[in-house]
Every structure is written in structure tokens, then in C-alpha cells.
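As the structure is a prediction and not an experimental result, all values here were calculated from the model.
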Amino acid sequence: MEAPYAIEMLNITKRFPGIVANDNITLQLKKGEIHALLGENGAGKSTLMSVLFGLYQPEEGVIKKDGEVVEIRDPNDANALGIGMVHQHFKLVECFTVLDNIIMGVEPTKYGFLQKKEAREKVLALSEKYGLRVDPDALIEDITVGMQQRTEILKMLYRENEILIFDEPTAVLTPQEIVELMQIMKNLAAEGKSILFISHKLAEIMAVADRCTVLRKGKYIGTVETKNSSMEELSAMMVGRDVNFHVEKKPAQPGDTVLEIEHMSVASKLHKKDAVHDVSLKVRKGEIVCIAGIDGNGQSEFVYGLTGLEPLTGGRILFEGQDITRAPIRQRSVKGMSHIPEDRHKHGLVLDYTLEDNLVLQRYFEPEFTSKTGFLRRDNIRSYAERLIEDYDVRSGQGPVTMARAMSGGNQQKAIIAREIDKDPELLVAVQPTRGLDVGAIEFVHKKLVEQRDAGKAVLLISLELDEVMDVPDRILVMYEGEIVGELDPKKTTEDELGLYMAGAKRDEVSA
């Protein structure tokens, strides 16, 4: 007799106001397998996994573990059944340390006193065993998103979960970290753990998953063995059409300089050394310049300095010839700088505002949206939001009045991209713009970046995705330990050469 499935989700239906997120979906996970869950943004993947983890209760359907029907009322029930989850948007307490977050809820005590020493030893042993290097004493708010991801994975391993759910685990990792994570997942599966892996990235699914289940618009499309499938077949199942994986663009025709940065330095929050040191570069009209590098090499601080989120410790910024080094954020925005931020929750959206209010966050004071008496023109805001939702295919249960918090991560990202590009900026600063997007949406965003370039705008792209770095820009600047160490032509370089610059093994004297 065949062994029972580790997890079976049978005929699951979950509804929200205005939308059926999961419509009669069945998913079966074998013991010791890596099972990918693939679908567009808003296809219902995260909702289905949240049902399995006890965050939502389904209206219909049952869940079985090892052939027995189980009831999962909340995440405590899930943990008791050995189910752990790394969420797309991390569930960490920012003012706590890494160690405190890992042991929270399962703190080891003796005579009522917290025993952190043995917890620390267990965490360090796990991080060593699985190659998940972390500083247990660092505060979550001070570490990179990649480190936060590792903390979440260690949280599951610390609890000795048998069923591991990874919701978009590679969305925030560098190429090197992704390779490491893939190996970690394979090792975990070899140890007998069963893994559910939500991803948009077809290459990763082909590399690591045994089987793949595809969802589209809340419905089950099919389950395939990855070794018998192809990226083209999976993408067509996912979006219902063929997708072009290569960015189509004609040669750039750069014009006048829009952005000039001279000897910029930005302080680090983690150590005394500057996170960005003596960076100079130019971005011209009609070109896409990409800053590439491994996460944590000063890219975030560079963007904070450029957009006004952090002060500079040295140097200056010229925007269309004007010095904006100390200009407030709104002034930069009004002058024509748009910013798609790295952290959409912290810097991109007000999660408890509606979608329409988020779409006018930087323009609500304009006459189109505010009357002379100071009242918001609600009808204008509504019709503007409806246009952007239509143009950028932002999917939300209740349209413009949907709370930003209730939307899927990919659709939150699309809303930010719509808002920033529709401002018709002279300079678009796009940081990880396709993070968490499916292949269809990535194709759309890349097209939009090229459209901005062809319309004579300047685009500064900051990306950790090697495919994106090689395919989208006209020039690549590599950042290593807060300095620009190389300038490369994407048409003439290779991923290997780029990797050497990113790792600091190669550098040249750059004149931007």
C-alpha cells in the first residue's frame, strides 16, 4: 500500500469580500518532496498556504496530515502538527534580537527563568549546519532583508517542523544566497522533511522542485512533474498565454545628464565605517543605468541618501543641474524624482489606507485632487485610481477601496509601480522593482522601464536579480562595500565577470 500523503488539502474554498481567493483547490504533498506552488500575483497561493498554517479558516474543504483529517484553527495548531511557514512579508518583531525572534513562543525556561544560553547554542548549531549565518544579538531593524529571511528559516528549524512552507523565499535574496537556499531545501528534503515552495521564478522551480501545482485566478490548473515539463509550459499554464523571457529594446540614445552624484558618502547604522563611500556617477536622459551588487553592499543606503530618507555625510547631488543634497523628500518628488522603494511596506505604502489613497500619496495636494478650500476631490481620486488599476492590472477584491494590507504582495508592488511611473518623472529610481512579481508582470514592468527610457527619461535601476541586471540596463555599475568598483556593458560582459566584480575579486578605476 502506498504511504499516505504528508499533507492533503482537499477541495479548499476561501472567500474574501468581492473575491474567491481559493476556488475548490486540491493540493497533495508527498513525504520528503519539494512541491512548488506556482501562479500569478493574486492567484491565491499565499491564501492557500495561510489556510494550511491556520491564519485563515476555509469555507469548504478538509485538510489531512498523514491520511488523518486535522483541524488547524490557528498557527499554534499548525506548529503542534509540525507545520512551519516562512511568510512573504516576515513576521518578526523589529525591536527584538535575532535570537529573541527565533525562540519566541517556545522559550526554554528552568524554574521560571529564561535559559538563553542553550537556545543560543542550538541556534548557532542550526545556522552552522544549514549555512544560515546570522548574528543572534543583532536587532531585526538593523539587519538586511536577506538576514531576516534566514532568521525566519531558523525559526522553523528551531521548532523542528516537518512540513516547511516557503512563501516566495528567494524574493529578497542575492543570487549566491538563492543557490545556498536551494541546497538547504534539498538537504532538508533528503532528511525527510516535506517542503511547499511558493515561487514565481520558473528557473528555481525547475532546479529544485519535484512536482509543481499551478493556480490561476484562484482556480487549480494542474500538477506536473518538473522533470517532464519546461519553463515555457509552466509559464503558459500560469498566465494563460506565451511569455517573452527576453527584454525587447532598441539601442539607447542618451541625452543630457539628469542626475549627477559627486563623492557621495552615507553613514552606516551597523558600524562606524560609511555604508556608502565616495560614490560618483551620472545618469542621462534616455538610458537605464543599473547598480548591481550583492545585498548589503551599500545599495540601500545609497538609495536612502539619493531620495532624502537619510542625510549624506559627504558629497552632493545635482538633479537637472540643481543642488538637491539637502532638499526635503517632497521637493525631490515635485521636481521629478520617482522612487520605487526596496521595502514596499516600510517606505512604499500606508498599509491601513485604501488603494486609492495610496495611489495619490505624493499628489493629493495637487489641484486635481484637492479643492481650493482644502477638501479632497474624492471623485477625481476614485477615477484616477480606477484608471491606474486598469492600466497596470492591479488586482484587488474591492477595487479602489481595498485596504492595501489585504492585497497580495505582487499587487501591492504593481500599485507602487503604477503610482511612481504615472507621475511622469524625469528620473525613475527603481529598487528591486520586480521583487515578488510573476513572469507576466515582470515582462510588463521591464517594458515600462524601457518605455520610460525611450520617452527620454532617466532610469536608475537597483537590482539583485542577475537576469534583470544582464537584460534590462544600458550600463551596469557594480557596488562593493559601498564603492563603485566597475562599469560594465551588459552586451559585452558575462555573468561570471559580473560575479567577480560583485564579490570584490575584481575592480577597475571607474569614471562614471
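- The closest side-chain donor-acceptor pair between Glu468 and Thr434 falls under 3.5 angstrom.
- Note that CD1 of Ile165 and OG of Ser194 are 11.0 Å apart. Values are rounded to the nearest 0.5 Å.
- Applying the salt bridge (charged side-chain N to carboxylate O under 4.0 Å, His left out) criterion to Asp23, with sequence neighbours excluded, gives Lys219.
- Rounded to the nearest 0.5 angstrom, Glu152 CD and Met147 CE are separated by 15.0 Å.
- Taking 4.5 Å as the limit, every side-chain heavy atom of Lys91 sits out of range of all side-chain heavy atoms of Met85.
- Within the 4.5 Å cutoff, side-chain heavy atoms of Leu464 are placed close to those of Gln432.
- Both tests do not hold together for Lys64 against Tyr5: distance to the six-membered ring centre under 6.0 Å, angle to the ring axis within 45°.
- One distance of note links CE of Met403 with CG of Leu351; it measures 10.5 Å at 0.5 Å rounding.
- Between the side chain of Thr226 and the backbone N or O of Asp210, at least one donor-acceptor pair lies under 3.5 Å.
- In this structure, Phe16 places its CZ atom where more than 12 heavy-atom neighbours from other residues, nucleotides or ligands lie under 6.0 Å away.
- Checked against Glu33 for a side-chain hydrogen bond (donor to acceptor under 3.5 Å, both in side chains), the options Lys193, Arg211, Gln28 give a single hit: Arg211.
- Formation of a donor-acceptor pair under 3.5 Å by the Gln412 side chain with backbone atoms of Ala404 is found in this model.
- For the pair Glu420 and Lys423, the salt-bridge criterion is met [side-chain N within less than 4.0 Å of a carboxylate O].
- Glu390 CD: 12 or fewer foreign heavy atoms inside a 6.0 Å radius.
- Counted within 6.0 Å of CZ on Phe444, heavy atoms from surrounding residues, nucleotides or ligands total more than 12; the atom is thus considered enclosed.
- Taking the ring axis of Tyr392 as reference, the NZ or CZ atom of Lys448 stays within 45° of it and closer than 6.0 Å to the ring centre.
- Tyr220 OH: more than 12 foreign heavy atoms inside a 6.0 Å radius.
- Between Leu202 and Leu38, some side-chain heavy-atom pair lies under the 4.5 Å cut-off.
- Under the 4.0 Å criterion applied to side-chain N and carboxylate O atoms, Glu162 and Lys65 are not assigned as salt-bridge partners.
- Here the straight-line distance linking atom CD1 of Ile25 with atom CG of Leu215 works out to 4.5 Å at 0.5 Å rounding.
- Checking side-chain atoms of Gln57 against main-chain N and O of Ile72 turns up a donor-acceptor pair under 3.5 Å.
- Between Met49 and Leu27, the shortest heavy-atom contact is CE-CD2, 3.7 Å.
- With Lys457 as the fixed residue, the side-chain hydrogen bond (donor to acceptor under 3.5 Å, both in side chains) test singles out one of Glu451, Glu426, Gln452: Glu426.
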| said: Could you go through Glu60 and Arg15, starting from their C-alpha distance and side-chain angles, then the distance that decides it, and tell me whether this counts as side-chain contact (heavy atoms from CB on, under 4.5 Å)? | reply: CA-CA 10 Å; Glu60 294 163 31; Arg15 299 183 185 92; 3.2 Å; yes

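- Lys186 places a side-chain heavy atom less than 4.5 Å from the side chain of Val208.
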| query | Where do Val86 and Gln149 land on the side-chain contact (heavy atoms from CB on, under 4.5 Å) test, with the steps shown first? | reply | CA-CA 8 Å; Val86 174; Gln149 163 84 278; 3.2 Å; yes

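- Asn22 and Thr47 share no side-chain donor-acceptor pair at under 3.5 Å.
- Side-chain atoms of His35 and Thr213 form a donor-acceptor pair, as typed in the model, at a separation below 3.5 Å.
- A donor-acceptor contact shorter than 3.5 Å is absent between the side chain of Arg216 and the backbone of Ile221.
- Contact record, Ile102 with Lys155: O-CG, 3.6 Å, taken as the closest heavy-atom pair.
- Side-chain atoms of Gln183 and Asn187 form a donor-acceptor pair, as typed in the model, at a separation below 3.5 Å.
- Across every non-hydrogen atom of Leu37 and Leu48, the tightest pair is CD2-CD2, 4.1 Å.
- Side-chain contact between Leu355 and Asn411 is absent, with no heavy atoms from C-beta onward closer than 4.5 Å.
- Asp100 has its side chain out of reach of Met104: every pair of non-hydrogen atoms, C-beta onward, lies at least 4.5 Å apart.
- Checked for salt-bridge contact, Arg377 and Asp379 miss the test: no charged N lies under 4.0 Å from a carboxylate O.
- No side-chain heavy atom of Leu92 sits less than 4.5 Å from a side-chain heavy atom of Val98.
- For the residue pair Val394 and Met407, the shortest heavy atom distance occurs at CG1-CE, 3.7 Å.
- One finds a salt bridge joining Lys227 and Glu225 here, because a Lys/Arg side-chain nitrogen approaches an Asp/Glu carboxylate oxygen to under 4.0 Å.
- When atom types are taken as modelled, the side chain of Glu107 and the backbone of Gly105 share a donor-acceptor pair closer than 3.5 angstrom.
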| task | Assess whether side-chain contact (heavy atoms from CB on, under 4.5 Å) is satisfied between Asp422 and Tyr384, documenting all intermediate values. | result | CA-CA 10 Å; Asp422 199 72; Tyr384 175 73; 2.9 Å; yes

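- The closest donor-acceptor contact from the side chain of Asn101 to the backbone of Val93 lies under 3.5 Å.
- The CD1 atom of Ile205 sits 4.5 Å away from the SG atom of Cys212 when rounded to the nearest 0.5 Å.
- Taken to the nearest 0.5 Å, the CD atom of Glu368 stands 10.0 Å off from the OG1 atom of Thr370.
- Environment of NZ in Lys217: sparse, with no more than 12 heavy atoms of neighbouring residues, nucleotides or ligands closer than 6.0 Å.
- With hydrogens and angles disregarded, no donor-acceptor distance shorter than 3.5 Å links the side chain of Arg363 to the backbone of Arg419.
- The shortest heavy-atom contact between Asn161 and Gly84 is OD1-CA, 3.3 Å.
- Closest heavy-atom contact between Ile143 and Ala138: CG2-CB, 3.6 Å.
- One N or O on the side chain of Gln299 and one on the backbone of Gly293 form a donor-acceptor pair closer than 3.5 Å.
- With respect to Arg378 and Glu356, a salt bridge is recorded, a charged nitrogen being found less than 4.0 Å from a carboxylate O.
- Between Met237 and Val224 there is a side-chain heavy-atom pair separated by less than 4.5 Å.
- A donor-acceptor pair is defined here as one N or O able to donate and one able to accept, closer than 3.5 Å; no such pair exists between the side chain of Arg387 and the backbone of Ser383.
- Put simply, the side chain of Asn358 gets close to the backbone of Val350: a donor and an acceptor are under 3.5 Å apart.
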| message | Does Leu309 form a side-chain contact (heavy atoms from CB on, under 4.5 Å) with His347? I'd like the steps, not just the answer. | response | CA-CA 9 Å; Leu309 288 166; His347 297 130; 4.2 Å; yes

